[in-house]
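These notes concern the structure reproduced below.
Order of the sequence lines fixes the chain letters, A, B, ..., with proteins taken first and strands second; residue numbering starts at 1 for each chain.
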Amino acid sequence: MVKAEKTAISPTRQEDYSEWYQQVIKASELADRSPVRGCMIIKPWGYALWENIVWVLDAMFKDTGVKNAYFPLFIPLSFLEKEAEHVEGFAKECAVVTHHRLEKGMDGGLVPAGSLAEPLVVRPTSETIIGDAFANWISSYRDLPLLINQWANVVRWEMRTRIFLRTSEFLWQEGHTAHATEQEAIERTRMMLDVYTRLAEEYLAIPVIQGRKSAAERFPGAVDTLCIEAMMQDRKALQAGTSHFLGQNFAKASGIKFQSAQETEQFAWTTSWGVSTRLIGGIIMTHGDDNGIIVPPKVAPSHVVLMPIIRKPEDRGKVIDYVNHLAAQLRQQQFSHQNIRVETDDRDIGGARGWEWIKKGIPIRVEIGPKDMEKNAVFVGRRDRPPKEKESIPRNRFVAEIGMMLEDIQNNLFERAKIFQKDHTCDIDNQKNFYDFFTPKSSDTTEIHGGFARSHWCGSEKCESKIKEDLSVSIRNIPFTTEKSESGSCICCGKKSDCRVIFAKAY
RNA sequence: CGGGGCGUGGCGCAGUCUGGAAGCGCACUUGAAUGGGGUUCAAGGGGUCGGAGGUUCAAAUCCUCUCGCCCCGACCA
């Protein structure tokens with residue numbers, strides 16, 4: 001038996017996937033858990049990753065005419081009551097502020113005092129308060145479309161939390177738009193889903209499946225919910241972005257009315273759409289390996305780290321000089337319309353230094369010592385290849401080609417993830433095979449099994465919930481590509497179906 | 001909120017059954033050696049054992065209560 005190579009993260013993905021996930025976050029210094037239940041402290045490396053996502057998305061939003069604004073963290077309780085389904089969906093997970101003052105209590109501790117006349121809900125999402133603002137801003141068809149986005153934090157009091165994937169507080173953006181016509185709102189819903197798809201695939205290197213949610217999985221209060229679904233390495237699905245067509249539901253609830261060119265009073269058609277810090281969890285679980293995270297170059301906090309190798313103290317000055325010059329040269333180079341982001345790390349901590357950067361997933365590591373200087377070369381390791389596989393490259397060539405190398409890593413990550421998704425997606429038409437597919441082979445709870453099953457579904461909520469109950473498998477979405485494209489029979493009841501849907505276990 | 005597991009220096013753990021001076025590895029600090037490398041040696045710093053009660057001459061260990069985390073469900077971006 002071959003001895004397993006030592007990995008930087010233990011347990012490995014194979015041994016215990018969820019524990020691996022926690023350990024990667026710790027080892028890569030993305031985040032810490034906080035003293036507050038279910039909340040996280042996003043550390044600089046993780047926050048820089050988020051900032052890059054924000055940067056990319058924000059530009060894409062603005063390209064479609066969206067403007068940023070900011071709305072209050074607190075929502076009057078009465079606002080939330082306005083849309084019936086919406087309340088029902090969120091009521092259970094709302095944090096509520098009932099007091100506005102603390103006083104010394106009997107035992108010397110502080111106790112809430114001064115109760116509020118109307119309790120305030122900490123936003124779980126902002127449809128209602130933004131709807132209220134929209135009602136004030138809109139009076140004529142000339143005010144439409146209204147295209148607004150806000151970058152914010154929201155709070156959802158979840159029963160079970162998982163860092164980045166489901167925390168009580170998380171960072172996100174929520175876009176809210178109002179339109180004069182149904183058609184235009186529907187188009188906007190789809191347009192934003194396409195923006196999310198581009199973010200996921202072109203920037204995060206996460207292949208996704210675009211589709212529509214079933215009625216049961218729809219956003220509370222929405223007429224239609226579109227989403228992108230990605231496959232993680234444990235073969236579970238992660239909803240990576242959603243875009244909702246809200247019809248006139250929220251317009252009616254908040255009184256978003258306008259006068260048309262024909263002088264009639266009409267309710268506007270609205271949409272909302274969002275992605276969150278959950279995407280970071282998606283990056284970890286799509287690209288990470290047993291040595292840590294791998295950050296896609298286009299959103300990497302830093303692209304390259306330069307590590308001087310100093311053998312003798314007298315070499316120090318010139319090696320550092322060489323490294324500094326190289327850093328300056330690299331910073332002149334461009335990748336994905338941005339300057340190359342360079343770190344230099346001259347800590348004298350031996351091999352641990354290189355491993356720290358591997359765990360953090362920096363795309364390129366460069367070692368530079370006197371020998372390289374003599375040859376006017378650099379010694380380069382790529383994060384998409386094994387840690388020991390490093391090569392000497394002439395300095396000038398490295399500087400000239402670093403952009404291409406990053407592009408190559410970016411493409412590799414995407415291709416790998418695509419192949420993985422393809423390998424674990426299959427068409428299943430037989431009920432027994434379907435149940436086998438989603439049933440672990442052993443009693444070991446950490447066994448990785450299943451994947452995406454493309455199977456027929458008759459459209460009934462009954463079949464959907466039966467499968468969910470039997471296997472904890474849900475309909476992730478009805479892909480646009482398979483919608484009404486093929487007839488068959490429902491995997492659950494056998495009745496006629498006109499399309500395949502994606503079934504999977506989900507985060 | 002139900003079922004299971006776990007809380008011991010920053011991280012990973014042993015010690016708990018069978019009560020008897022808080023340990024180990026990694027990390028950290030200092031010194032030296034080494035020098036394409038998770039290196040070696042030496043000397044250090046750091047923990048009221050999640051918290052609160054109780055039993056006892058004596059509690060990390062036994063009892064009661066509590067808080068938190070992880071996994072599996074229900075809920076969800």
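At the heavy-atom level, Asp348(A) lies under 4.0 Å from base atoms of the strands shown. The residue Arg353(A) sits close to a base: some heavy atom pair falls under 4.0 Å. Within the 4.0 angstrom heavy-atom criterion, no nucleotide atom of any strand lies near Gly281(A). Note on Lys26(A): only backbone sugar-phosphate atoms sit closer than 4.0 angstrom, heavy atoms only; bases stay farther off. When heavy atoms are screened at a 4.0 angstrom cut-off, Ile310(A) is found touching base atoms of the nucleic acid. Among the protein residues, Thr225(A) comes within range of no part of the nucleic acid, since none of its heavy atoms lies under 4.0 Å from any strand. Within 4.0 Å (heavy atoms only), Ser472(A) reaches sugar-phosphate atoms of the nucleic acid but no base atom. Residue contacts shown for Glu158(A) include a base, since a base heavy atom lies under 4.0 Å away.
In this structure a side-chain-to-backbone donor-acceptor pair under 3.5 Å is present from Arg383(A) to Ile358(A). Using a distance-only test at 3.5 Å, with no hydrogens or angles considered, no donor-acceptor pair links the side chain of Arg13(A) to the main chain of Gln233(A).
The nucleotide G25(B) finds its pairing partner in C11(B), both defining distances of the Watson-Crick or G-U wobble pair being shorter than 3.5 Å. In a base pair of the Watson-Crick type (N1 to N3 plus N6-O4 or O6-N4) or a G-U wobble (N1-O2 and O6-N3), with each distance short of 3.5 Å, C75(B) is matched with no nucleotide. If you check U39(B) for Watson-Crick or wobble pairing at under 3.5 angstrom, you find it paired to A33(B).
Counting non-hydrogen atoms of other residues, nucleotides and ligands closer than 6.0 Å to NE2 of His99(A) gives a total above 12.
Atom pair Ile228(A):CD1 and A77(B):C1' shows a separation of 11 Å (rounding to whole Å applied). A straight line from CD of Glu93(A) to P of A74(B) spans 16 Å, rounded to a whole angstrom. Between the NZ atom of Lys236(A) and the P atom of A77(B) there is a distance of 16 Å, rounded to whole Å. The interatomic distance linking Gln173(A) (CD) with A77(B) (P) rounds to 14 Å, in whole Å.
Under the 6.0 Å cut-off for aromatic ring centres, Phe250(A) and His86(A) qualify, their centroids lying closer than that. Under the 6.0 Å cut-off for aromatic ring centres, Trp273(A) and Phe61(A) qualify, their centroids lying closer than that. Aromatic pair Phe90(A)/Phe219(A): ring centres closer than 6.0 Å. A centroid separation of 6.0 Å or more is found between the aromatic rings of Trp55(A) and Trp151(A).
The aromatic rings of His424(A) and Phe420(A) are tilted relative to each other, their planes meeting at an angle between 30° and 60°. Ring-plane geometry between Tyr17(A) and Trp20(A) is classed as tilted, the angle between the planes lying from 30 to 60 degrees on a 0 to 90 degree scale.
Using a 4.0 Å cut-off between charged nitrogen and carboxylate oxygen, Lys468(A) and Glu217(A) count as a salt-bridge pair. Salt-bridge annotation for Asp194(A) and Arg198(A): absent, with no side-chain N of the basic residue lying under 4.0 Å from a carboxylate O of the acidic one. Salt-bridge check for Arg316(A) with Asp346(A): passed, with a basic side-chain N closer than 4.0 Å to an acidic carboxylate O.
Annotation: of the two residues near RNA chain B, Gly89(A) and Phe379(A), the 5′-most nearest-nucleotide partner is Phe379(A).
Against RNA chain B, the stretch residues 357-370 of chain A makes heavy-atom approaches under 4.0 Å through Glu367(A), Gly369(A), Pro370(A). For RNA chain B, none of the residues of residues 198-215 of chain A falls under the heavy-atom distance limit of 4.0 Å.
For Arg37(A) and C69(B), the shortest distance from a side-chain N or O to OP1 or OP2 is below 4.0 Å. In terms of phosphate contacts, Arg160(A) brings no side-chain nitrogen or oxygen within less than 4.0 Å of OP1 or OP2 of C69(B).
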Which atom pairs link the protein and nucleotides 25-31 of chain B when you take only N or O atoms and keep those under 3.5 Å?
none

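A gap of 45 Å separates the P atoms of G54(B) and U30(B), to the nearest Å.
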